[in-house]
Structure formats: structure tokens, C-alpha cells
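All values derive from a computational prediction rather than experimental measurement.
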Amino acid sequence: MKDGPAPIVFTLGSAAVMAAGRFFEYSARAAMKLGVRAVLLIGKDERNRPPMQLPDSICVADYAPYSALFSRSSLVVHQGGVGTTAQCLQAGKPMLIMPYSHDQPDNARRMRRLKVSRTIQRENYTPTRVARKLRKILDEPMFAERAESVMRQLSLENGTKTACDALETLFAKTRSRP
């Protein structure tokens, strides 16, 4: 899949992939409707493999490192987990987020406020609706521009140093108390 336009990556992270339902089938159908290249990261559960014959433009894999794949994608469709979301931000790619649980709805709202994503609810995840939302993201340059802007901002930060400095300040305050 090296040659051609950047694909859309569809993934459910490490936990939601265990309860994928028809996510990957519907994702493949949405990609086919749009006529775009896609990568489906289905995990180890063979039930996640779409049941229909897929065109050569759709790659199905158990796993791929996000740090290598996301930077080569046009956008990423995912569950909104903090790790997947952070990898998308670091790669500078827009997102379509389908929150599953826990912190994912909040992460989706935060990404929407940053103007790097759109959100679709699980019950609305159908090939037609997904294709429509993906088309809007792909056709609106603001999403890609904002994602690249956030990536540049993140690249200027030293998160480890900032966290260590904050912890040292906190510890210094607690030690100085009588």
C-alpha cells in the first residue's frame, strides 16, 4: 500500500477491538463508498475481519505501530482512547471519533473543540453516515490544517521535563509544610 493516496486508518485501540461488532465491516463499506484507500487494524479476533470480498485498496492487518502508520494516513477513525488520540495528535492527522466508554466521550469533545475531529456515536455508525462524515473531514481543509498546527505545538513541548518540574514543585511544597 505504499503507492497512491494516503489511506484512512480504522482502529479500535487495544480494548474496544474486543467488542468491535460490525465496526470493521461498516468501515470497509464506507471506504468503498468513498473510493478511498483504507487500513483496517482488526486485532487478533477473526470475527473482526469483514465478511465480504475487499478490493486491493483496503488492507486488513492485525496490528501496525501507530507511530509509523498514522503519519502516513489521511485521517484516523478510532474509539477516542487517550493513547490513540495522542498518537493522532502527534502525527498531525484529523480524526473521526466513535467513543465507546470511560474517558472516550470527553476526549472526543476535546478533539472537536480543538477542531481536529468530528464525532459519531456508536448507534449511528453505518457505512452511509461514516462515509458522509469522512467526506466532510476530507473536503474541509481546516481539519488537516488544525491537526498539523496542534502537531507543531506538541513538538515544541518537552512533556517529560514539564511533568518532572511540576512534581518537584509539588514535592518541595509538601516538604516545606510543618
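Using a 4.5 Å cut-off between side-chain heavy atoms of Ile, Leu, Val, Met, Phe, Trp and Tyr, with links allowed through other members, V150 and V82 fall into different hydrophobic clusters. Y63 and V60 fall into different hydrophobic clusters, where Ile, Leu, Val, Met, Phe, Trp and Tyr are joined by side-chain heavy atoms under 4.5 Å apart, directly or via other members. In the hydrophobic clustering of ILVMFWY residues, with side-chain heavy atoms under 4.5 Å counting as a link, F70 and V116 come out apart. Two different hydrophobic clusters hold L89 and I137 under the rule that ILVMFWY side chains link at heavy-atom gaps under 4.5 Å.
Between F143 and R118, some side-chain heavy-atom pair lies under the 4.5 Å cut-off. Within the 4.5 Å cutoff, the side chain of M151 has no heavy atoms near those of the L154 side chain. Counting heavy atoms from C-beta on, the side chains of M95 and T84 never come closer than 4.5 Å. Using a 4.5 Å heavy-atom threshold, the side chains of I97 and Q104 count as separate. Side-chain contact between M98 and L12 is present, with heavy atoms from C-beta onward closer than 4.5 Å. Side-chain contact between Y125 and V77 is present, with at least one heavy-atom pair separated by less than 4.5 Å. Two residues are said to be in side-chain contact when any heavy atoms from C-beta on lie closer than 4.5 Å; L114 and R110 fail this criterion. In this structure, the side chains of V39 and S73 stay at 4.5 Å or more apart for every pair of heavy atoms.
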Full working for side chain to side chain contact (heavy atoms under 4.5 Å, CB included) between Y66 and V76: CA-CA 10 Å; Y66 291 168; V76 181; over 6 Å; no
Evaluation steps, side chain to side chain contact (heavy atoms under 4.5 Å, CB included), between L69 and L41: CA-CA 11 Å; L69 181 61; L41 297 178; 3.8 Å; yes
Test side chain to side chain contact (heavy atoms under 4.5 Å, CB included) applied to T85 and M111, step by step: CA-CA 8 Å; T85 301; M111 295 306 102; 3.5 Å; yes
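Closest of all the heavy-atom pairs between A28 and P50 is CB-CG, 4.3 Å. In this structure, P105 and S101 approach most closely via the heavy-atom pair CD-O, 3.7 Å. Pairing each heavy atom of V17 with each of N48, the nearest pair is O-ND2, 3.1 Å. S117 approaches A108 most closely through the heavy-atom pair OG-O, 4.0 Å. Closest approach of T174 and F171 over heavy atoms only: OG1-O, 2.9 Å. The nearest pair of heavy atoms linking A6 to R72 is CB-O, 3.4 Å.
More than 12 heavy atoms of other residues, nucleotides or ligands sit less than 6.0 Å from atom CD of E25. Heavy atoms of other residues, nucleotides or ligands lying less than 6.0 angstrom from CE of M18 number 12 at most.
A donor-acceptor contact shorter than 3.5 Å links the side chain of S155 to the backbone of R152. A distance-only check finds a donor-acceptor pair linking the side chain of T162 to the backbone of N158 [under 3.5 Å]. With hydrogens and angles disregarded, a donor-acceptor distance shorter than 3.5 Å links the side chain of E140 to the backbone of M142.
How far SG of C88 is from CG of N107: 11.5 Å, rounded to the nearest 0.5 Å. The structure places CG of L34 at 11.0 Å from CE of M32, a figure rounded to the nearest 0.5 Å. Rounding to the nearest 0.5 angstrom, the gap separating the CG atom in L96 from the OG1 atom in T119 is 7.5 Å. Taking CZ from R49 and CG from D62, the interatomic distance works out to 6.5 Å, rounded to the nearest 0.5 Å. Here OG1 of T160 is found 10.5 Å from CG of D165. Values are rounded to the nearest 0.5 Å. Rounding to the nearest 0.5 Å gives a distance of 10.0 Å between CG of N124 and CZ of R132.
R112 meets the salt bridge (charged side-chain N to carboxylate O under 4.0 Å, His left out) test with no other residue; sequence neighbours excluded.
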